[in-house]
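Inspection log for the structure reproduced underneath, given as structure tokens.
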Amino acid sequence: MPTDNTTNNKTTRRNLFRKGGLAAGAAVVTGTAATLAAKGRSDGTVWQIDPEKCIQCGNCATYCVLDPSAVTCVHALKLCGYCDLCFAYFSPGFEPEAGIEAPAVESQLCPTEAIKRRWIEGPHYEYTIDEELCIGCGKCIKGCNNFGNGSLFLQVMHDRCVNCNECSIAEACPSDAFQRVPANHPYLLKGEDH
Amino acid sequence: MAQWKPSGLGPEFTYDLSELKKVDPALIHYEQAASVPTGMMKPKAIAVGADRRLFVAGDGGVRVFDPAGKPVLQFETGGEPHCIALGKTGTVYVGMKDHVEVYDASGKRAAAWKGLGERAYVTSLAVGEADVFVADAGNRVLLRYDTSGKLLKRIGEEDAAKHAPGLVVPSPYFDVALGPEGMLWLVNPGRRRVECYTYDGAFRFAWGKFSMKVEGFCGCCNPTHLAIDADGNFITSEKGLPRVKVHDDEGNFKSVVAAPADFADGTVGLDLAVDAKGRILVLDPKRRAVRIFVKKRS
Ligand code: SF4
Ligand code: SF4
Ligand code: SF4
């Protein structure tokens, strides 16, 4: 059985959200609604990215007032194909002759090694994002959109975002993907009805 | 909308497929001879009749074009079509998300088969002398019916007793085609290969391997579409690196029909057909047209 020594066992507030995929995301939304309402503007809204409009320009990684950015990659596990050769995980030119179980760092697409891979069964692997490492550059999302099911996308993480009146990423966003959403429904998750 | 501002990220953050998209021109043995605008917003699938009439499914119906590309018939279907195939007698089979509908040559609905359940996601049909094969990506199974809609066999499912691992279908692309003498071929996309089965569901053999190079199938799940010509050559299309290629009847790479440079970025869903003259028809959903490729003269 292949083993995966890359699984991140750190339990932080941020990767609790990530590890549970969308279900955990919903729990976070419920659990933090009051806090978000307090952080929201007087109109009770917070910033969020519409995944259908985002073109992964890279500005989310660099224009946030926070460092690292409040934006990270999110994985909608229920849209994922659990592919053995995930081209959001492997670099575009990767050829698997040398085996796929313990790929060299150069074979991995994410420059910060934020994507973690765990064998499930047969040719199926689960991919999760270590949001402590993810800077929200969007590169993996392009890989997934090109070759896979489009299950990765960027979101403003509301346990981090300080909800600026004028979001500096929104000002730099070339595709009008930033919008105000109700603080009690602060995520625009792919594969979910909002 | 904001003006474009550079991100300032380093080159390691750039996603670049440009080198992989390059194809040696000597390998491209086909050229585009014609293009038929479908007149549809979202064309999904094509089929071509023995009389070289072209059937396009999409936008809640089917449009039929004569060999010169002139529209000759149009009819609505009971939902959004995913795939289409033609019977020898002019019968038109249309696959919806979870069921199959049957139309006569004039576009009149003759039957709607029993639904396949909530998980079903029908992606392809193939019609033989007495059998209709239905590829269901949602349930990862190929279903064999008779022409009246009676289910005869489930093919490709996991079966531990027979050491059958089951099909790997990570995305909604799962194609089936019949070759000369009715040989049954289906794509096992997550294994990036094309597999041959008996009509009773026994696995016979397979060809295909992963590679980003032109002779292989790229990405997590490819090829997306399959057609087979009268000589048994396989025509395949892929997503990620959108390309159309020909492999011989043993699966050896022969040539490229259309290279990634021939398609707009993000093109996916290149359904295929081969007509009686050996012309390769490629549905290009971004251009909303059926592009017809022929062998280069030289
Ligand atoms: S490639 Fe970029 S967006 Fe994707 S996980 Fe890595 S840092 Fe995050
Ligand atoms: S509102 Fe402020 S903290 Fe939140 S994503 Fe925008 S710039 Fe970053
Ligand atoms: S700035 Fe806009 S387009 Fe660019 S990555 Fe962020 S949301 Fe996407």
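Note that the structure is predicted; figures quoted are calculated from it, not measured. Naming: A, B, ... by sequence-line order, numbering from 1 per chain.
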Nearest non-hydrogen partners of [X] and [Y], listed with the distance:
| X | Y | value |
| --- | --- | --- |
| A:Ala172 | B:Lys5 | CB-CD, 3.9 Å |
| A:Phe147 | B:Leu241 | CE2-N, 3.7 Å |
| A:Cys83 | B:Pro170 | SG-CB, 3.5 Å |
| A:Pro123 | B:Val168 | CG-CG2, 3.6 Å |
| A:Tyr63 | B:Ser7 | CE1-CA, 4.2 Å |

Looking at [options], which has the largest count of heavy-atom pairs under 4.5 Å with chain A?
| options | answer |
| --- | --- |
| B:Ser211, B:Gly190, B:Cys221 | B:Ser211 |
| B:Lys213, B:Glu238, B:Glu12 | B:Glu12 |
| B:Arg191, B:Glu19, B:Arg192 | B:Arg192 |

Where does [X] contact chain B at under 4.5 Å (heavy atoms): side chain, backbone, both or neither?
| X | result |
| --- | --- |
| A:Leu79 | neither |
| A:Phe90 | neither |
| A:Ile55 | side chain |
| A:Pro92 | both |
| A:Asp84 | side chain |

*Between CG of A:Leu85 and CZ of B:Phe217, what distance do you get to the nearest 0.5 Å?*
14.5 Å

*B:Asp265/A:Lys142 ion pair, N-O < 4.0 Å*: no

*For the pair B:Ser171 (side chain) and A:Asn149 (backbone), establish whether a donor and an acceptor sit closer than 3.5 Å, ignoring hydrogens and angles.*
no

*Flag, side chain of A:Glu95 to backbone of B:Met212, donor-acceptor distance under 3.5 Å*: yes

Would you indicate whether the side-chain heavy atoms of [Y] and [X] approach each other to under 4.5 Å?
| X | Y | value |
| --- | --- | --- |
| B:Tyr15 | A:Ile141 | no |
| A:Lys139 | B:Leu9 | no |
| A:Phe87 | B:Cys218 | no |

